2 protein chains.
Amino acid sequence: MIIQKTENSRISTFDPNNFSFGNTFIDHMIICEYEDGKWGDVKLVPYGPLMFTPAMMGVNYGQACFEGMKAYKDKDGQVFLFRPEKNFERINKSATRLAMPEVTEEMFLDGLKALVDLDRGWIPSGEGMSLYIRPLIFATEEALKARVSNKYMFAIVATPAKSYYTEPVSVKISDHYSRAASGGVGSAKAAGNYAASFYPTQLAMDEGYEQIIWTDDATHEYFEESGTMNVFVRINDTIYTPPTSEKILDGVTRDSFIQLAKKRGIEVKVEPIPVKAVVEAQKNGTLKEVWGVGTAVVTTVFQALGYNGDKLQLPVLSDDESFAATLKNDLVNIQTNVAEDTFGWRVVVEKNVLETV
Amino acid sequence: MIIQKTENSRISTFDPNNFSFGNTFIDHMIICEYEDGKWGDVKLVPYGPLMFTPAMMGVNYGQACFEGMKAYKDKDGQVFLFRPEKNFERINKSATRLAMPEVTEEMFLDGLKALVDLDRGWIPSGEGMSLYIRPLIFATEEALKARVSNKYMFAIVATPAKSYYTEPVSVKISDHYSRAASGGVGSAKAAGNYAASFYPTQLAMDEGYEQIIWTDDATHEYFEESGTMNVFVRINDTIYTPPTSEKILDGVTRDSFIQLAKKRGIEVKVEPIPVKAVVEAQKNGTLKEVWGVGTAVVTTVFQALGYNGDKLQLPVLSDDESFAATLKNDLVNIQTNVAEDTFGWRVVVEKNVLETV
């Protein structure tokens with residue numbers, strides 16, 4: 001690893017009690033360039049601009065995929081990653097589906113640890129606080145021909161994060177727009193999937209909703225995801241989530257929720273969720289909760305579902321009654337080293353990693 | 001328009017008889033930045049790198065769309081664009097679907113003409129030669145939050161072009177992968193659509209095909225597009241092409257072929273094309289031609305269709321017998337000012353446009 005530390009740290013300008021999530025960047029970033037069929041040296045450098053022309057294939061043909069993950073600081077100042085090997089595996093699945101080169105474990109995990117260690121001062125501590133980390137791969141060759149790029153960049157950038165989406169939101173069950181095609185790239189964290197979701201989401205917002213529950217594009221009869229999250233439904237005391245597929249992202253938070261629910265003895269059914277079954281359960285009073293899960297927000301609880309022009313209200317549950325709140329709490333306690341980690345999910349970020357790489 | 005001409009023209013290094021399409025760039029480019037809800041000045045500047053960080057939203061969330069168009073030089077050295085207003089309309093349709101700001105006619109058409117005029121020396125002349133022009137819009141804000149960007153760049157870059165794909169190719173009729181979802185972004189020239197197509201195309205290549213005929217994602221029973229082109233099928237003396245939709249790009253070459261065919265009195269049916277009807281026509285000998293059309297290659301003729309593991313051969317027609325070749329010839333003759341332009345498609349690029357803008 002080639003290390004170039006900043007001579008102009010911006011950390012004195014960072015107020016952990018008052019910062020903007022997503023556009024406050026830590027001092028450093030990881031970059032690594034792919035050319036002539038192989039990755040070059042991993043470099044830890046000051047965060048900042050690089051040189052790209054508008055012919056960069058990443059913005060012309062969309063070969064670009066990413067991961068979202070977090071580092072947490074416990075009350076003693078120890079720093080942990082959460083199941084980082086899952087993100088490593090997934091970025092390579094995404095890369096393969098987009099005909100991009102896979103990254104190595106060394107690039108991904110060692111780069112991650114070195115960056116988080118060096119900039120650990122940027123990780124805010126306290127409830128809901130974390131460092132949001134964005135590994136990504138994108139095509140960098142300059143060429144105006146719709147083909148696979150010969151040059152790529154792997155990068156890791158990061159921003160301090162606090163929890164957001166704390167209030168329950170209303171979501172529209174999509175009856176026209178969709179997120180993924182059968183035989184498409186829905187299971188990849190492909191950059192283009194996000195851009196495609198913005199306009200339908202804006203239209204849903206115009207109708208008074210905050211997000212969309214995506215349904216299958218052929219019939220709109222089955223739940224797929226919610227916003228940028230995996231979706232869970234609780235009917236009576238059983239929770240349901242759709243199976244992962246080529247249309248549905250294999251979410252790390254989704255998988256963790258399933259395991260945490262099973263540990264608590266909650267019945268979990270991983271099976272297709274018909275929209276009609278959810279609507280019927282709402283009408284007969286057995287629908288208790290619907291929520292989304294993802295790294296950025298952990299959980300977003302839904303207060304109403306938009307369906308066929310109706311706004312179907314969901315019960316208001318206390319945190320004790322809510323499976324969403326209970327499982328979120330279980331997860332966050334593991335992430336932040338408040339509870340024992342019987343799953344082996346936490347990965348400590350050792351101090352002074354750099355001296356050993 | 002702000003004009004900054006290069007002081008280091010590279011044109012003396014350009015050999016019009018020996019250059020690489022797609023990565024040879026003309027001396028200048030157009031750029032224009034969007035911020036605070038509005039576009040700034042259009043700038044004509046030397047082609048080259050700009051400063052972007054890996055947190056650029058364009059490569060993280062895929063808000064990026066483009067156009068492909070050409071300028072042609074006739075035997076007298078006059079330069080023409082082809083139906084540029086169609087590309088202007090379409091880039092704004094793409095932008096809207098991706099929740100990006102529309103560009104103005106002034107930015108797009110005046111920028112285009114100024115660039116092509118200034119770098120007219122880069123346009124190779126002769127059969128099949130042209131300047132391939134790439135207008136694009138992409139998100140430039142640095143932010144790690146899946147939301148609509150607040151900053152964008154509109155750019156126009158260009159590369160000298162010669163014809164490619166001159167040989168007939170074999171194409172696989174897709175039975176699993178797909179290009180577009182119902183309710184998705186298939187009708188937009190969204191960057192992400194191209195990245196999504198590369199891996200399935202690689203798999204088809206491994207099976208001995210050059211391209212894919214995309215079919216509907218739900219049933220794979222209907223033709224949609226072919227590679228990055230619109231598709232035409234000729235059965236007996238009638239030609240068929242699927243209607244444009246939210247899944248199928250409204251191609252300029254497609255529209256031109258339809259009009260040229262009608263002018264020649266060829267029957268054109270714009271209607272869904274069942275895979276089974278094509279396969280049946282191949283078996284009973286009424287399938288005469290299948291071809292793709294697009295700006296980059298004008299026409300690619302198919303020699304065989306892969307279906308269910310079989311390679312269905314298509315007849316070999318002379319240029320006189322072939323509707324694809326006849327219509328391509330009609331189109332190219334209009335584009336290059338060899339034939340009268342009864343449609344009003346050609347737009348001359350006046351010399352010294354810059355003095356008037």
Side-chain angles (χ1 to χ4, degrees), chain A residues 21-23 25 29 31 47-55 58-64 66 96-99 132 134 136 138 141-148 153 155 157-159 174 176-185 190-196 198-200 202 217-218 228 296, chain B residues 21-23 25 29 31 47-55 58-64 66 96-99 132 134 136 138 141-148 153 155 157-159 174 176-185 190-196 198-200 202 217-218 228 296:
Chain A
F21 168 71
N23 46 23
F25 296 96
M29 63 182 180
I31 57 172
Y47 173 82
L50 304 167
M51 307 287 265
F52 300 113
T53 83
V59 294
N60 282 271
Y61 304 115
Q63 276 186 298
F66 68 90
T96 298
R97 181 60 184 84
L98 297 173
Y132 180 83
R134 166 62 47 83
L136 72 156
F138 57 100
E141 186 182 353
E142 295 168 44
L144 303 180
K145 200 168 175 180
R147 60 158 170 78
V148 169
M153 176 169 281
V157 292
T159 175
S174 188
H176 175 72
Y177 290 102
S178 54
R179 183 188 163 278
S182 294
V185 296
N193 289 345
Y194 295 80
F198 294 157
Y199 177 70
Q202 284 181 337
D217 78 309
T228 58
Chain B
F21 168 71
N23 45 23
F25 296 96
M29 64 182 178
I31 57 172
Y47 173 82
L50 304 167
M51 307 285 266
F52 299 112
T53 84
V59 293
N60 281 270
Y61 304 114
Q63 277 187 296
F66 69 89
T96 298
R97 181 59 184 83
L98 297 173
Y132 180 82
R134 166 63 48 82
L136 73 156
F138 58 100
E141 186 182 355
E142 295 167 46
L144 302 180
K145 199 169 175 180
R147 59 156 170 78
V148 169
M153 175 168 282
V157 291
T159 177
S174 188
H176 175 73
Y177 289 102
S178 55
R179 183 188 162 276
S182 295
V185 297
N193 290 345
Y194 295 80
F198 294 157
Y199 177 70
Q202 284 181 337
D217 77 311
T228 58

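The sequence lines fix the lettering, A, B, ..., with proteins before strands; numbering per chain opens at 1. Just so it is clear, the values below take in all heavy atoms, side chains as well, and ignore hydrogens, waters and symmetry mates. Small disclaimer: the values here were computed from a predicted structure and weren't measured.
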**Steps toward side chain to side chain contact (heavy atoms under 4.5 Å, CB included) verdict (L144(B), F25(A))** = CA-CA 9 Å; L144(B) 302 180; F25(A) 296 96; 3.8 Å; yes

**Request:** List the steps and the verdict of side chain to side chain contact (heavy atoms under 4.5 Å, CB included) for D217(B) and D217(A).
**Result:** CA-CA 9 Å; D217(B) 77 311; D217(A) 78 309; 2.9 Å; yes

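For the atom pair CG (L98(B)) and CZ (F198(A)), the distance works out to 9.5 Å, reported to the nearest 0.5 Å. Taken from OG1 in T228(B) to CZ in R147(A), the straight-line distance is 13.0 Å, to the nearest 0.5 Å.
Interface remark: Q63(B) contributes backbone and side-chain atoms alike to the contact with chain A (heavy atom separation under 4.5 Å). Looking at F66(B), only its side chain comes within 4.5 Å of chain A, counting heavy atoms on both sides.
Looking only at heavy-atom pairs under 4.5 Å with chain A, the residue among E142(B), R97(B), H176(B) that has the most is R97(B). By number of non-hydrogen pairs under 4.5 angstrom with chain B, the leading residue of N193(A), T96(A), I31(A) is T96(A). Counting heavy-atom pairs under 4.5 Å between each of A64(B), A55(B), G62(B), S178(B) and chain A puts S178(B) at the top. Put simply, of G58(B), G184(B), A196(B), the one with the most heavy-atom pairs under 4.5 Å next to chain A is A196(B). Taking chain A as the reference chain and counting heavy-atom pairs below 4.5 Å, the highest number among S174(B), A155(B), P49(B) is found for P49(B). The choice from G192(A), A143(A), P200(A), A191(A) that makes the most heavy-atom pairs within less than 4.5 Å of chain B is A191(A). Among T159(B), L50(B), V185(B), the residue with the largest count of heavy-atom pairs under 4.5 Å with chain A is L50(B). Here A181(B) is the residue among A218(B), A190(B), A180(B), A181(B) with the most heavy-atom pairs under 4.5 Å with chain A.
Atom OH of Y194(B) has more than 12 heavy atoms from other residues, nucleotides or ligands within 6.0 Å.
The minimum heavy-atom distance linking Y47(B) with T53(A) is given by the pair OH-OG1, 2.8 Å. Here the closest heavy-atom approach between residue Y199(B) and residue A99(A) is recorded as N-CB, 4.0 Å.
Applying the side-chain hydrogen bond (donor to acceptor under 3.5 Å, both in side chains) rule to S182(B) yields no partners; only residues at least two apart in sequence or on another chain are considered. Contacts of A158(A) classified as side chain to side chain contact (heavy atoms under 4.5 Å, CB included), with partners at least two apart in sequence or in another chain: I26(A), L131(A), I133(A).
F52(B) and F52(A) have parallel rings, their planes meeting at less than 30° on a 0 to 90° scale where 60° marks the start of perpendicular.
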